[in-house]
Amino acid sequence: MQRQLGQLLAFSGLLFIAATTLVPLPRQAAAVEATPLWCLICGAHGGVDVVNNVLLFIPVALGLRLMGMRGTTVIAAGAA
C-alpha cells in the first residue's frame, strides 16, 4: 500500500510540475531575454523563485521515498 501511494504521489507531482512549468507566459519574454543563462538566483524575485521550485519538487521526492528509494538516489534524481 505504501509503495502504491508513493507511485501515485510521485506521478501526480510530476504531472503538476509539467503543468506549472511548461505553460508559456508571453508577457515574461522580455525578462527571460534579459536574464543570463547561468544565473540561478537573479532579479527582484530570484529567491522566491528558488523556494517555489524546491517546494514544487517535494511531493515527487516524498513519493520516491515512499516507493523505497534511498535518500541519495532521490536527491540525485531531483538534481538531474
Side-chain angles (χ1 to χ4, degrees):
M1 181 67 175
Q2 184 176 354
R3 185 173 175 83
Q4 292 173 338
L5 178 63
Q7 289 174 340
L8 177 66
L9 191 58
F11 182 71
S12 299
L14 287 174
L15 281 179
F16 184 71
I17 290 169
T20 57
T21 60
L22 297 178
V23 177
L25 298 172
R27 65 179 184 265
Q28 291 184 346
V32 171
E33 289 176 8
T35 304
L37 180 63
W38 296 106
C39 187
L40 296 177
I41 304 174
C42 294
H45 302 289
V48 173
D49 190 33
V50 169
V51 171
N52 285 339
N53 282 323
V54 169
L55 292 174
L56 194 61
F57 278 88
I58 288 176
V60 177
L62 183 60
L64 293 176
R65 284 293 291 154
L66 287 173
M67 287 171 44
M69 287 188 166
R70 293 188 311 199
T72 54
T73 306
V74 171
I75 291 171

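- Cluster note: W38 groups with L37 through ILVMFWY side-chain heavy atoms spaced under 4.5 Å, whether in direct contact or through intervening members.
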Pairs of donor and acceptor atoms involving the side chains of residues 48-68, under 3.5 Å and at least two apart or interchain, shall be tabulated with distances.
{"unit_1": "N52", "atom_1": "ND2", "unit_2": "V48", "atom_2": "O", "d": "3.4"}
{"unit_1": "N53", "atom_1": "ND2", "unit_2": "D49", "atom_2": "O", "d": "3.2"}
{"unit_1": "R65", "atom_1": "NH1", "unit_2": "M69", "atom_2": "O", "d": "2.6"}

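- Annotation: disulfide bond (SG atoms under 2.5 Å apart) contacts involving residues 50-80, sequence neighbours excluded, are absent.
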Which pairs of donor and acceptor atoms, one on a side chain in residues 8-20, lie under 3.5 Å apart (sequence neighbours left out)?
{"unit_1": "S12", "atom_1": "OG", "unit_2": "L8", "atom_2": "O", "d": "2.8"}
{"unit_1": "T20", "atom_1": "OG1", "unit_2": "F16", "atom_2": "O", "d": "2.9"}
{"unit_1": "T20", "atom_1": "OG1", "unit_2": "I17", "atom_2": "O", "d": "3.3"}

